[in-house]
Amino acid sequence: MAGTLQRIQHLFRRGDVVVLETPDPETGAIVKIPVYVAKLNAFEKDEAIKDGRSARARRILTFDRDEDEQLQITVMLSGMTDAEIVEDLLRRKAGELLNQAESSVRSDRQWKERLEAIDRAQIAEDGPTAEEEKALLGALIEEFQQAIEVAHTKLMRQEHRDLAAEPRGELEKVYRQAWRDMLGATAFYENRRQSEVWYALRECQVEFDADGQPIDSTLVVGDRICPKRADVNDLPDDIITAVLRSLDGEMSSREAGNSGAPSASSGSS
């Protein structure tokens, strides 16, 4: 009962109090600074995605017209063998193929009932589920992961065969496109995240109980900590990490991975 209640409370809460801890530069004592990470509304999420898409377009158009960047890719490719190009392309596409592998398993009719149990496994953890059923869920999750791994390996092998059969000129063309996609995807991710942090991070005042937990009735939320989006870049990495951890707790891993990002075959270089 308590677990289900926590799920309801999580659904309707509007944000988190995150306590940042940092040593005082003079005394060395740990200073605790509470900040409020607001739950993004639909408009803010959409605006963050639009910011990311705009940044992606700017980065790609800049790359297309920058002769120095084009020359750098040409020089880099001249020092790579066909096998090295194929392996690098496979590495960059591994994440996309992993998503395809999971989708293929989920679309398999033989997995329909098992997925209905797996996708709601948290409810079973919260409720009075028999130990036998919990053990079954654990086994199903392991089988699901193994099925994804098998499908992923199959897709990677097929991709390797396809790339290895390409002539050198086509390989270089595919690599340039993958590099272009990587630059765009990186710009999208960084700028979307910047906007999300800008929207979410706010000043706050709150009292804490004996266990160090914030007392909701004393919470007073103030203005955004960063007046401008660009100010987010000046925040310490620890703060960014804490804010993003709180924001990512609002969505599942699949939702986080399908939040409007362009489908790119490349990852971060």
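Note: hydrogens, waters and symmetry copies are ignored here, and every other heavy atom, side chains too, is used. Here the structure is a predicted model, which is why all the values come from computation and not from measurement.
Heavy-atom neighbours of Asp237 CG from other residues, nucleotides or ligands within 6.0 Å: at or below the threshold of 12. Sparse packing is recorded around CD of Glu149, with 12 or fewer heavy atoms of other residues, nucleotides or ligands lying under 6.0 Å away. Crowding of Arg168 atom CZ: a count of heavy atoms from other residues, nucleotides or ligands under 6.0 Å exceeding 12. Counting non-hydrogen atoms of other residues, nucleotides and ligands closer than 6.0 Å to CD of Glu203 gives a total above 12. Within 6.0 Å of CG in Asp64 there are more than 12 heavy atoms belonging to other residues, nucleotides or ligands.
Side-chain atoms of Tyr36 never come within 3.5 Å of backbone atoms of Leu201 as a donor-acceptor pair (strictly under, hydrogens ignored). Listed for the Ser195 side chain is no donor-acceptor partner under 3.5 Å among the backbone atoms of Asp51. Panel note: side chain Ser54, backbone Lys50; no donor-acceptor pair is recorded below 3.5 Å. Not one N or O on the side chain of Gln205 forms a donor-acceptor pair closer than 3.5 Å with the backbone of Val221.
Between Ile118 and Trp111, the closest side-chain pair of non-hydrogen atoms falls below 4.5 Å. Here the side chains of Thr81 and Val86 are not in contact, with every heavy-atom distance at 4.5 Å or above. Counting heavy atoms from C-beta on, the side chains of Leu235 and Cys226 come closer than 4.5 Å. Contact of the Glu87 side chain with the His160 side chain is registered, since non-hydrogen atoms from C-beta on lie closer than 4.5 Å. Residues Gln72 and Met76 form no side-chain contact, since every pair of their non-hydrogen atoms from C-beta on lies 4.5 Å or further apart. With contacts defined as side-chain heavy-atom distances shorter than 4.5 Å, the pair Glu159/Leu163 qualifies. Between Gln213 and Phe208, every side-chain heavy-atom pair lies at or beyond the 4.5 Å cut-off. By the 4.5 Å heavy-atom criterion applied to side chains, Asp231 and Lys228 are counted as neighbours.
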Next item on the list: Could you walk me through whether Glu21 and Val31 pass side chain to side chain contact (heavy atoms under 4.5 Å, CB included), step by step?
Entry: CA-CA 6 Å; Glu21 297 185 355; Val31 178; over 6 Å; no
Margin query: Does Val19 form a side chain to side chain contact (heavy atoms under 4.5 Å, CB included) with Ile33? I'd like the steps, not just the answer.
Written below: CA-CA 6 Å; Val19 180; Ile33 304 174; over 6 Å; no
Item checked: Asp162/Gln158 under side-chain hydrogen bond (donor to acceptor under 3.5 Å, both in side chains): CA gap, chis, key distance, verdict -> CA-CA 6 Å; Asp162 293 343; Gln158 183 59 51; 2.9 Å; yes
Notebook entry, point to check: Stepwise, does the side-chain hydrogen bond (donor to acceptor under 3.5 Å, both in side chains) test hold for Tyr175 with Asp88?
Noted result: CA-CA 9 Å; Tyr175 193 91; Asp88 200 11; 2.5 Å; yes
Notebook entry, point to check: Please walk me through it: do Asn233 and Gln194 pass side-chain hydrogen bond (donor to acceptor under 3.5 Å, both in side chains)?
Noted result: CA-CA 8 Å; Asn233 296 331; Gln194 180 191 62; 3.2 Å; yes
Next item on the list: With side-chain hydrogen bond (donor to acceptor under 3.5 Å, both in side chains) as the test, would you mind laying out the steps for Thr186 and Arg56 before giving the verdict?
Entry: CA-CA 8 Å; Thr186 301; Arg56 173 182 179 273; over 6 Å; no
Next item on the list: Please step through side chain to side chain contact (heavy atoms under 4.5 Å, CB included) for the pair Arg58 and Asn191, ending with a clear verdict.
Entry: CA-CA 11 Å; Arg58 294 194 306 271; Asn191 282 267; 4.3 Å; yes
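Of all heavy-atom pairs between Ala101 and His152, the closest is CB-N, 3.5 Å. Taking all atoms of both residues into account, the shortest heavy-atom contact from Gly184 to Ile60 is CA-CG1, 3.9 Å. Here the closest non-hydrogen pair linking Val18 and Ala242 is CG1-CB, 3.9 Å. Closest non-hydrogen pair, Glu207 versus Thr218, comes out as N-OG1, 2.9 Å. When all heavy atoms of Val206 and Pro34 are compared, the closest pair comes out as CG1-CB, 4.0 Å. When all heavy atoms of Ile240 and Val197 are compared, the closest pair comes out as CD1-CG1, 4.1 Å.
Ion pairing between Glu47 and Arg53 fails under the 4.0 Å rule for side-chain N and carboxylate O. A salt bridge between Arg193 and Glu196 is present, with a side-chain N of the basic residue lying under 4.0 Å from a carboxylate O of the acidic one. Salt-bridge formation is not detected for the pair Asp223/Arg202: no Lys NZ or Arg NE/NH1/NH2 atom is positioned less than 4.0 Å from an Asp or Glu carboxylate oxygen. Using a cut-off of 4.0 Å between Lys/Arg side-chain N and Asp/Glu carboxylate O, Asp181 and Arg92 are scored as not salt-bridged.
Ile141 and Leu98 fall within the same hydrophobic cluster, where Ile, Leu, Val, Met, Phe, Trp and Tyr residues are linked whenever their side-chain heavy atoms come under 4.5 Å apart, directly or through other members. Both Leu155 and Val174 are members of a single hydrophobic cluster when ILVMFWY side chains are connected at heavy-atom separations under 4.5 Å. Both Val243 and Leu20 belong to a common hydrophobic cluster when Ile, Leu, Val, Met, Phe, Trp and Tyr are linked at side-chain heavy-atom distances under 4.5 angstrom. Using a 4.5 Å cut-off between side-chain heavy atoms of Ile, Leu, Val, Met, Phe, Trp and Tyr, with links allowed through other members, Leu61 and Leu183 fall into different hydrophobic clusters. Phe63 is not connected to Tyr189 by any chain of hydrophobic side-chain contacts under 4.5 Å among Ile, Leu, Val, Met, Phe, Trp and Tyr, and they are in different clusters.
Because its NZ or CZ atom is not both nearer than 6.0 Å to the ring centre of Trp179 and within 45° of the ring axis, Arg176 does not count as a cation-pi partner of that residue.
By the side-chain contact (heavy atoms from CB on, under 4.5 Å) test, Ser107 pairs with no residue at all, sequence neighbours left out.
Note that CG of Leu77 and CG of Leu171 are 9.5 Å apart. Values are rounded to the nearest 0.5 Å. Going from atom CG of Leu137 over to atom CD of Glu142 covers 13.0 Å, rounded to the nearest 0.5 Å.
Checked against Tyr199 for a side-chain hydrogen bond (donor to acceptor under 3.5 Å, both in side chains), the options Glu44, Arg224, Arg229 give a single hit: Arg229.
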